[in-house]
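Both backbone and side-chain heavy atoms feed into the values below; hydrogens, waters and symmetry mates do not. In the text below, chain A, chain B and the rest are named by the order of the sequence lines, each starting its count at 1. Just so you know, these numbers come straight off a predicted model, no measurement behind them.
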Amino acid sequence: MIAEKPRAAAKIAEALEARNKINIDGVSVWIGKIREKDVVIAPTAGHLYTLHTNERGFPVFNYSWGPRWIYEKNSKHLEKFYKALKKLFPSAEYYVNACDYDVEGSVIGYNIISNLGDVGRAYRVKFSTLTREEISRAFSSLQPLDWSNIESGLARHILDWIWGINVSRALMSIYEKLFEERLILSAGRVQSPTLLELLRRYLERETFVPEPMFTVSVRVRYGDREYSVTNVFEPFKKLDSATELVKSLEEAGRLIIGNVEERVLDLEPPPPFNLTQLQLESARLFRLSPAETLKIAEELYLESLISYPRTNSEKIPPSIDNTRILKNLTSLPELGVYASELLRRKLLSPREGLNEDPAHPAIHPTGYMPTKNLGKEKAALYELIVRRYLASFYPSARVEEVIYTLEEPRAKCLFKLVGRKIVSQEWLKVYRYRKIDVIEVPTLRLGEELKISSVRLVKLYTHPPQLHTKASILKWMEASGIGTEATRAQIIETLFERRYVRGRRIAVTNLGLRVAHVLSTLFRDITEVELTREFERKLREIALGRVSRKEIIDEAISKLSNELEEVKKSLSSCRRSELKVRFGLSTGFQCSICGSDAVGREGGLTLCYPHLRAYQNLVKAYDVWKARNSIDFDDYVETLLKLYITGRFVKDVIKYLMNRVK
DNA sequence: GCAAGGTC
């Protein structure tokens with residue numbers, strides 16, 4: 001019986017009462033009996049086999065499965081699992097794939113059985129949680145191998161491999177020819193659309209030209225206190241409109257309460273974490289990257305303090321004994337009182353989120369107590385997970401708001417003054433990372449007047465979108481449905497390792513710009529999220545038995561081989577400069593500002609893509625500025641240079657233009 | 001050397 005990981009093997013052994021634990025060269029294996037027959041439960045550690053090829057260059061469509069520890073770097077740790085299984089297999093009468101019940105688990109077990117044993121003597125078990133009841137039940141009814149999952153899973157591996165390896169190799173060749181530099185480059189179904197999204201955001205931010213807007217800031221006096229009121233209208237585009245409003249408010253000297261609204265808000269507690277939510281929250285609170293969070297969560301898991309972290313689930317299935325966990329948590333310093341309160345009030349069913357995972361429950365504390373000092377970051381993450389779990393059992397918090405609408409009839413503008421208090425804390429007291437702003441305001445009546453103590457004219461600017469962070473790009477990946485819980489953080493790190501991107505606020509490097517440009521010109525499919533959608537459709541068809549794996553792979557090969565041959569032909573027949581023009585990467589000229597390949601002309605300059613876009617935005621926004629606030633071009637660009645929200649490519653253009661005038 | 005997906 002093959003388990004997907006050592007801990008799962010231990011759980012299965014426990015449920016099947018296989019108590020004889022032996023050690024095969026560093027791998028723990030359990031032996032027990034089922035109906036008078038010896039059973040052996042042995043673990044792998046995820047995928048033990050990988051696709052590989054001995055061929056160099058591209059196109060390459062000859063691949064086969066081989067042991068990962070041989071073909072992949074940093075996979076030495078898999079050797080012992082491979083050797084232990086290899087030792088055990090010859091003496092088995094039949095084999096059971098007891099890996100997680102999902103497509104990858106089916107592939108992991110299938111590859112091991114087909115390479116080391118015989119799929120004609122193999123079975124599958126289905127269980128969704130590692131609990132004694134469910135494991136015993138699953139093993140009492142062995143199923144035939146789930147061929148549709150296996151076929152669909154194998155196809156996923158192969159499609160990713162032939163696209164990824166071929167486009168990566170082509171990319172390296174093209175890059176070397178165009179830019180005369182040999183670099184390790186990569187492209188893939190998940191990483192390439194992610195790079196393109198980072199680039200979209202980077203260009204939007206760095207070619208941004210702010211536009212001016214105008215509004216007013218009003219303070220009122222009541223009794224001996226002053227209050228700032230909130231504007232219930234959009235800022236004005238014209239300076240005149242704002243000065244007019246200032247004048248009429250000054251003349252009126254007071255605002256009148258035109259409406260009083262009271263409302264009660266019930267705030268539901270958050271559900272327990274899945275990995276994405278944990279990564280986002282930990283980035284927000286502790287500034288940890290998604291990869292760092294996963295690493296720390298992994299350690300907590302291996303120390304038995306929390307459940308399996310690589311999960312998409314926000315649910316705690318009924319098989320998990322919350323009462324036992326809460327009882328254990330009562331001995332935690334500080335947090336124990338909340339566990340006691342939940343037990344006392346019999347609040348024992350948690351709020352759940354919508355996300356599910358076929359293999360694992362939401363992240364929750366196991367109830368085991370930390371035995372040593374965890375260290376700062378690990379302790380903080382553990383506390384976050386425990387507080388989130390505890391919070392999910394509490395009733396909604398209750399917040400009361402009073403909203404006074406203030407008006408000045410002649411000004412035709414509305415303002416508001418909001419008061420807020422927390423009537424019932426409930427989960428807010430344990431999940432202290434969620435803060436509700438408490439605002440004290442006096443009790444006011446309809447028609448009551450408040451004296452205006454100050455009115456100021458305020459100049460505002462439109463703002464660019466912020467550059468992505470590792471957390472926000474992770475969120476984008478999840479929303480776009482690319483990558484998995486276990487891989488997204490790692491794929492983001494790959495983009496950094498390749499030097500396509502850099503910085504905490506993620507900027508795209510020149511290399512990243514070039515790679516994105518080459519890919520979207522020559523291999524557009526791999527830069528779009530739609531490729532994943534297409535894969536998913538095809539894999540579903542395979543799982544439903546409507547098409548064969550071979551048909552789908554052949555289709556991908558024929559499409560790719562046409563594109564790759566085309567690129568190859570161009571590479572061998574063209575000179576470097578011709579090639580750039582031919583691939584739409586250049587006009588044959590250089591950017592007047594930065595010297596990289598120009599893609600267009602504007603105002604007598606030849607410009608690269610970012611500087612061209614910045615130039616166009618600069619010209620377009622000048623019309624807006626002139627219309628709103630009479631200003632000449634020199635003042636316009638000097639103001640822009642001083643603003644931090646002005647994009648860096650825009651500032652490059654301005655500095656270039658200023659130098660040219662000098 | 002190159003992917004994405006498991007897990008350590």
Side-chain angles (χ1 to χ4, degrees), chain A residues 2-9 26-28 43-60 63 65 68-69 71-82 99-100 102-112 152-176 182-195 275 294-295 297-299 301-303 308-311 359-360 477 482-495 497-498 515 519 523 526 531-532 535 539 556 560 564:
Chain A
I2 304 143
E4 188 158 318
K5 45 193 165 277
R7 299 200 132 229
V27 177
S28 291
T44 172
H47 284 288
L48 209 47
Y49 287 82
T50 186
L51 288 164
H52 76 106
T53 184
N54 293 322
E55 291 179 17
R56 296 171 63 83
F58 73 93
V60 51
Y63 50 82
W65 291 95
R68 274 187 62 197
W69 66 274
Y71 295 109
E72 231 172 76
K73 61 181 180 189
N74 302 327
S75 298
K76 247 337 214 171
H77 62 283
L78 291 174
E79 184 179 1
K80 62 179 184 184
F81 292 98
Y82 174 83
C99 294
D100 292 349
D102 52 26
V103 172
E104 292 299 328
S106 294
V107 172
I108 291 169
Y110 168 81
N111 273 335
I112 291 169
S152 164
L154 292 172
R156 203 279 306 150
H157 278 261
I158 294 164
L159 286 173
D160 272 334
W161 189 89
I162 57 180
W163 272 91
I165 300 296
N166 279 294
V167 176
S168 295
R169 287 181 177 186
L171 178 63
M172 284 183 262
S173 276
I174 294 163
Y175 193 88
E176 192 183 348
R182 273 185 99 113
L183 293 174
I184 294 171
L185 302 174
S186 61
R189 173 178 58 83
V190 179
Q191 65 171 263
S192 298
T194 306
L195 173 63
L275 180 59
L294 176 54
K295 187 171 162 288
E298 181 82 48
E299 287 167 17
Y301 161 69
L302 292 172
E303 288 166 33
Y308 189 72
R310 282 176 291 241
T311 173
H360 309 282
M477 292 169 84
I482 58 172
T484 67
E485 292 291 313
T487 58
R488 282 179 204 126
Q490 200 179 304
I491 285 169
I492 295 168
E493 297 303 321
T494 300
L495 296 175
E497 275 164 33
R498 299 265 177 274
V515 165
L519 291 177
F523 301 100
I526 212 168
L531 187 63
T532 293
F535 273 28
L539 298 181
L560 261 170
L564 292 161

In this structure, how many angstroms lie between the [atom2] atom of [N] and the [atom1] atom of [X], rounded?
X: Glu72(A); N: dC2(B); atom1: CD; atom2: P; answer: 10 Å
X: Leu539(A); N: dA4(B); atom1: CG; atom2: C1'; answer: 12 Å
X: Leu154(A); N: dA4(B); atom1: CG; atom2: C1'; answer: 14 Å
X: Ile162(A); N: dA4(B); atom1: CD1; atom2: C1'; answer: 14 Å
X: Lys5(A); N: dT7(B); atom1: NZ; atom2: P; answer: 4 Å
X: Tyr308(A); N: dC8(B); atom1: OH; atom2: P; answer: 7 Å
X: Ile492(A); N: dA3(B); atom1: CD1; atom2: C1'; answer: 16 Å
X: Ile491(A); N: dA3(B); atom1: CD1; atom2: C1'; answer: 8 Å

Ile184(A) or Asn74(A), whichever maps to the more 5' nucleotide of DNA chain B: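 Nearest-nucleotide comparison on DNA chain B picks Ile184(A).
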task: Report the residue (Trp163(A) or Glu298(A)) whose heavy-atom-nearest nucleotide on DNA chain B is the more 5′ of the two.
output: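 The 5'-side residue here is Trp163(A).
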query: Do you know the tightest heavy-atom contact between Asn111(A) and Leu154(A)?
result: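 Answer, listing the atom of Asn111(A) first, then Leu154(A): OD1-CD2, 4.1 Å.
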Which nucleotide in [options] has an atom nearest any side-chain atom of [X]:
X: Gln490(A); options: dG5(B), dG1(B), dC8(B); result: dG5(B)
X: Asp160(A); options: dC2(B), dA4(B), dC8(B); result: dA4(B)
X: Pro6(A); options: dA4(B), dG5(B), dC8(B); result: dC8(B)

field: Glu79(A) and Lys76(A) ion-paired at < 4.0 Å
entry: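 Result for this pair is yes, salt bridge flagged.
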query: Charged N to carboxylate O under 4.0 angstrom, Arg182(A) versus Glu176(A)?
result: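 Judged by the 4.0 Å cut-off on N to carboxylate O distance, Arg182(A) and Glu176(A) do form a salt bridge.
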message: Can you confirm if the aromatic rings of Trp65(A) and His157(A) lie within a centre distance of less than 6.0 Å?
response: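 Ring centres of Trp65(A) and His157(A) closer than 6.0 Å.
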Give a yes/no answer on whether the side chain of [X] brings an N or O atom under 4.0 Å of OP1 or OP2 in [N].
X: Arg498(A); N: dC2(B); result: yes
X: Thr487(A); N: dA4(B); result: no
X: Arg310(A); N: dG5(B); result: no
X: Ser168(A); N: dA3(B); result: no

Would you indicate what [X] reaches in the nucleic acid, counting non-hydrogen atoms under 4.0 angstrom: base, sugar-phosphate, or nothing?
X: Gly153(A); result: nothing
X: Leu48(A); result: nothing
X: Gly46(A); result: base
X: Leu302(A); result: sugar-phosphate

- prompt: Looking at dA3(B), does its base get a donor-acceptor pair with the side chain of Thr50(A) below 3.5 Å?
  reply: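 Side chain to base: pair found, below 3.5 Å.
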message: Going by side-chain hydrogen bond (donor to acceptor under 3.5 Å, both in side chains), name the residues that satisfy it together with Tyr82(A), two or more places apart in sequence or in a different chain.
response: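 Tyr82(A): no side-chain hydrogen bond (donor to acceptor under 3.5 Å, both in side chains) contacts found.
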field: Residues that Phe523(A) engages under ring pair (Phe, Tyr, Trp, His ring centres under 6.0 Å), provided they are two or more places apart
entry: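 Not a single residue meets the ring pair (Phe, Tyr, Trp, His ring centres under 6.0 Å) criterion with Phe523(A).
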